[in-house]
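Worksheet: one structure, shown below.
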Amino acid sequence: MSSEEVVRIAQQRGFFFKTAPSYPNAPAGFLDYGPLGVALKARIIELWRRMIVKRDGMIEIDGAQILPKAVFEASGHLSSFTDPFVRCAKCGSVYRPDKLLEEKTGKAVPEKLSDADYDSLMAKAGVKCSKCGASLSGTTRFNMMFRVGIGPAGEEAYLRPETCQSIFVDFPLLYKTLRAKLPIGMAQVGRSFRNEIAPRQGLLRLRELNQAEVEVFFNPKKTDAPMYEWAKGEVLSFRTPDGKDIKMNVGEALDGAIIPNMLIGHYLALITRFYEAAGVPRSFQRLRILSDEDRAFYSKAAYDLEVSIGTGWLELVACNYRGDYDLGGHEKASGTDFTVEDGGEKVLPHVFELSLGVDRSTYVVMEVSMKGEGDRRTMALKPYLAPIQACVFPLVNKDGLQEAARSIVADLRESFDVFYDESGSIGRRYARADESGVPVCITVDYDTLKDSTVTLRDRDTRNQQRLAASDLVARLGDLTRFPRIEGPAPEP
Ligand SMILES: [Zn+2]
């Protein structure tokens with residue numbers, strides 16, 4: 001199904017839509033979630049929590065969105081969280097030179113070129129303003145953080161461009177007060193803000209975005225543990241920097257130096273499994289290995305988890321071995337000791353990060369779940385992710401069927417998110433429920449009044465089955481339960 005079609009259904013069914021839709025000229029890069037989107041996003045986050053955060057006994061925090069300037073001086077964002085841009089001398093339109101070059105030449109432009117490199121490539125390709133045809137200025141830099149002023153004096157501060165900085169700056173306090181031991185994961189879900197120059201990918205490049213991030217702190221000398229062994233046999237797809245696709249298990253990737261250590265293998269396998277459980281088949285996923293040039297200078301290894309959708313490969317998670325760059329930087333700038341004791345040794349922990357884009361992931365889960373064509377579409381969401389877990393319909397709106405249906409809704413509402421719908425033909429009601437991802441519909445008819453049974457209709461098979469209304473709670477409970485939290489319990 002095309003991306004436009006998915007976006008249209010998302011808007012029509014109340015999943016998400018562009019911010020301030022009443023204002024045609026509202027800026028791009030912002031999105032509002034409607035009721036179904038709120039619920040779907042919350043359930044995807046809950047699945048992530050269960051399969052990664054709780055599974056490995058991690059600590060979850062919720063930090064402030066505004067952070068002092070000093071934090072971003074130490075993290076390097078103030079000096080280098082920038083994008084290149086060029087401006088039209090005549091009409092004032094602003095562009096990213098890499099995007100213009102890609103459009104003009106049809107070739108990918110390497111990340112991290114210097115401004116002079118962009119200028120010479122632009123001159124060579126003869127790129128002009130795509131709106132008015134006039135010449136463009138030379139490349140300059142724009143810092144993508146949103147600056148805010150605290151109090152009347154306007155003390156310089158910034159909206160965080162990623163959630164992880166509060167994990168890093170809170171690390172010494174959390175580690176001590178929670179009596180943590182290495183390795184320890186710290187996680188956070190929340191909003192981040194990036195003042196993108198020209199977000200043209202609609203809902204996929206946002207200026208205000210939701211992230212779910214995990215920072216795993218570990219002793220670089222201890223990256224093997226029995227709890228990682230399970231991952232050795234997990235087969236993953238890698239895309240090498242020179243464009244080769246290879247499939248191998250984590251054990252082989254470790255032997256072939258594609259993965260630097262078993263701890264990282266464990267987390268790459270775990271994040272792959274998370275998307276599988278969210279409904280994205282492993283065959284739709286790959287780990288793109290970032291080349292030395294594409295990685296940040298401090299990064300020891302980096303992989304983008306990408307998913308194949310209608311428009312191509314889309315990055316969902318940045319998986320980055322950041323070494324001790326973050327803790328070292330904040331240690332130096334803050335004057336606080338960031339080292340910890342580990343087996344009688346003083347260590348500045350290394351970090352492996354899984355930085356997951358929640359909005360993109362929500363979109364991808366919807367797109368890969370869409371089946372069918374024409375006016376018969378089904379969003380085949382995993383039942384535990386479905387925003388509405390069951391619809392209840394009276395067959396007709398008379399003779400006490402509505403009351404019987406409402407009383408079933410009242411019973412189910414205690415444990416589930418159910419939706420009562422009495423408008424339109426049964427066929428139309430089924431179609432709306434299918435398009436909204438509702439796994440089952442419950443229909444109340446004349447037999448219900450006689451013997452308290454109902455019809456349960458399955459979204460994916462469209463099979464219908466008769467069962468006692470009193471069995472509905474147990475049946476829906478089985479159907480919508482999250483997968484078990486797998487894996488070794490953390491050591492007490
Ligand atoms: Zn122009």
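One-based numbering along the sequence shown. Counting convention: from 1, in listed order, for ligands and their atoms alike.
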| Taking side chain as C-beta onward, heavy atoms only, is Arg282 less than 4.5 Å from Arg273? | yes
| note | Shell check on the Zn ion (ligand 1): protein N, O or S atoms less than 2.8 Å away are Cys88 SG, Cys91 SG, Cys129 SG, Cys132 SG
| field | Pair Phe217 and His350, ring centroids less than 6.0 Å apart | value | no
| request: Kindly indicate whether a cation-pi arrangement holds for Arg286 with Trp313, taking the cut-offs as under 6.0 Å to the six-membered ring centre and within 45° of the axis. | output: yes
| said: For the CZ atom on Arg377, are there more than 12 heavy atoms of other groups (residues, nucleotides or ligands in this structure) within a distance under 6.0 Å? | reply: yes
| query | How about Arg207 and Glu196: do any of their side-chain heavy atoms sit closer than 4.5 Å? | reply | yes
| Mind checking whether His266 and Tyr228 have parallel, tilted or perpendicular rings, split at 30° and 60°? | tilted
